[in-house]
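Let me begin by presenting the structure, written as structure tokens, before commenting on it.
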Amino acid sequence: MLFSEFLKAKCLMNCEVSLILEHKYEQLQQMSEDPTNQVSQVFEKSLQYVKRFSRYKNPDAVKQVRELLSRYQLAEFELCVLGNLCPETAEEAIAMVPSIKSRGRVHDDEAIDKMLNDMTLIKKFE
């Protein structure tokens, strides 16, 4: 893969990577009578990591979180950090991703709190 391809790449939250790797794992199991032959240790460890640190498990919840955060015109990395870490307050979110306050967008603490509350609701009803 060339470096230029990374420039067009989209950031993914851990929960999105988990869904992708789980799907690939299932495909590999179906293709082989002995699934352990098809899965490398790096693949297995990567899958374990993203599953462990995924805040959202349900595919619909993962989609809802991305859609919710996308409405706030966040940069891809901002969206992924907030989706991965799930801060509880605007103060925490700004500490983790200072650019959500400083990029000239109208994200006051109230708007950030609403966004975080909506994320919490998605998790609660997952």
Side-chain angles (χ1 to χ4, degrees):
M1 188 177 280
L2 299 172
F3 176 74
S4 61
E5 291 179 25
F6 283 110
L7 295 175
K8 297 179 267 179
K10 192 174 185 179
C11 293
L12 296 173
M13 294 179 288
N14 288 337
C15 51
E16 292 170 313
V17 175
S18 177
L19 293 174
I20 292 167
L21 292 181
E22 284 179 23
H23 180 71
K24 183 65 176 172
Y25 184 78
E26 289 171 9
Q27 285 180 328
L28 291 172
Q29 283 184 320
Q30 290 173 359
M31 289 173 33
S32 172
E33 291 177 18
D34 182 10
T36 57
N37 285 344
Q38 297 292 320
V39 180
S40 72
Q41 188 175 10
V42 171
F43 182 95
E44 186 68 38
K45 295 274 186 198
S46 299
L47 178 57
Q48 288 173 9
Y49 175 88
V50 292
K51 284 174 89 171
R52 180 175 182 194
F53 292 105
S54 292
R55 297 289 184 149
Y56 304 91
K57 311 293 184 204
N58 180 307
D60 289 333
V62 173
K63 183 179 176 186
Q64 288 175 348
V65 168
R66 178 160 287 274
E67 288 172 358
L68 167 73
L69 294 175
S70 294
R71 283 186 234 135
Y72 286 86
Q73 299 172 331
L74 300 170
E76 283 290 319
F77 77 93
E78 294 169 331
L79 184 151
C80 289
V81 169
L82 295 174
N84 284 340
L85 300 178
C86 298
E88 294 181 8
T89 65
E91 185 179 1
E92 285 180 9
I94 294 165
M96 292 175 190
V97 187
S99 60
I100 64 173
K101 192 78 171 187
S102 64
R103 293 187 72 209
R105 293 170 291 190
V106 188
H107 288 149
D108 58 10
D109 288 3
E110 260 184 53
I112 295 169
D113 276 331
K114 177 169 179 7
M115 174 181 65
L116 299 176
N117 288 337
D118 290 347
M119 286 174 56
T120 302
L121 283 174
I122 292 170
K123 178 66 179 159
K124 192 178 204 178
F125 294 107
E126 181 176 30

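Start at 1 with the first residue, then count along the sequence. What you see is a predicted model, and the numbers here were worked out from it, not measured in a lab.
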Exercise. For L12 and I20, run side-chain contact (heavy atoms from CB on, under 4.5 Å): C-alpha distance rounded to whole Å, both residues' side-chain angles, the deciding distance at 0.1 Å, then the answer.
Key: CA-CA 10 Å; L12 296 173; I20 292 167; 3.8 Å; yes
Quiz prompt | Y56 to C15 - nearest heavy-atom pair and separation | solution = O-CB, 3.2 Å
Quiz item: Atom CG in N117, atom NZ in K124: separation rounded to 0.5 Å?
Solution: 10.0 Å
Self-check item: Side-chain donor or acceptor of S54 paired with backbone N/O of V50 under 3.5 Å
Solution: yes
Self-check item: Check: N58 main-chain N/O paired with K63 side-chain donor or acceptor under 3.5 Å
Solution: no
Practice problem: Output the distance between atom CE (M115) and atom CG (L68), rounded to the nearest 0.5 Å. | Solution: 7.5 Å
Practice problem: Return the minimal non-hydrogen interatomic distance between Q64 and I122, and the atom names on each side. | Solution: OE1-CG2, 3.6 Å
Practice problem: Could you check C80 against R66 for side-chain contact (heavy atoms from CB on, under 4.5 Å), going step by step and ending with a plain yes or no? | Solution: CA-CA 9 Å; C80 289; R66 178 160 287 274; 4.0 Å; yes
Quiz prompt | Main-chain N/O of K57 paired with E126 side-chain donor or acceptor, under 3.5 Å | solution = yes
Quiz item: What closest approach, in Å, do E76 and C11 show between heavy atoms, and which atom pair accounts for it?
Solution: OE1-O, 3.3 Å
Exercise. Taking all heavy atoms of L47 and all of E22, pick out the closest pair and write down the distance.
Key: CD1-CG, 3.7 Å
Quiz prompt | CD1 on I94 to NZ on K101, rounded to 0.5 Å | solution = 4.5 Å
Quiz prompt | Check: N14 side chain, N84 main-chain N or O, donor-acceptor pair, under 3.5 Å | solution = no
Quiz prompt | Distance, nearest 0.5 Å, that separates CD of E67 from CG of L79 | solution = 11.0 Å
Self-check item: Main-chain N/O of F43 paired with S40 side-chain donor or acceptor, under 3.5 Å
Solution: yes
Quiz item: Going through the distances and angles, do E91 and D109 end up as a side-chain contact (heavy atoms from CB on, under 4.5 Å)?
Solution: CA-CA 8 Å; E91 185 179 1; D109 288 3; over 6 Å; no
Quiz item: Which heavy atom in M119 sits nearest to a heavy atom in C86, and how many Å separate them?
Solution: CE-SG, 3.9 Å
Self-check item: Cluster link L121 to M13, ILVMFWY, side chain under 4.5 Å
Solution: no
Quiz item: Looking only at heavy atoms, which two atoms of A93 and I112 are closest? And how far apart?
Solution: CB-CG2, 3.9 Å
Quiz item: When rounded to the nearest 0.5 angstrom, what is the spacing between NZ in K10 and CD in E16?
Solution: 7.0 Å
Quiz item: Between the side chain of E92 and the main-chain N/O of P87, is any donor-acceptor distance below 3.5 Å?
Solution: no
Quiz prompt | Gap between atom CG of D113 and atom CD of E88 - 0.5 Å precision | solution = 11.0 Å
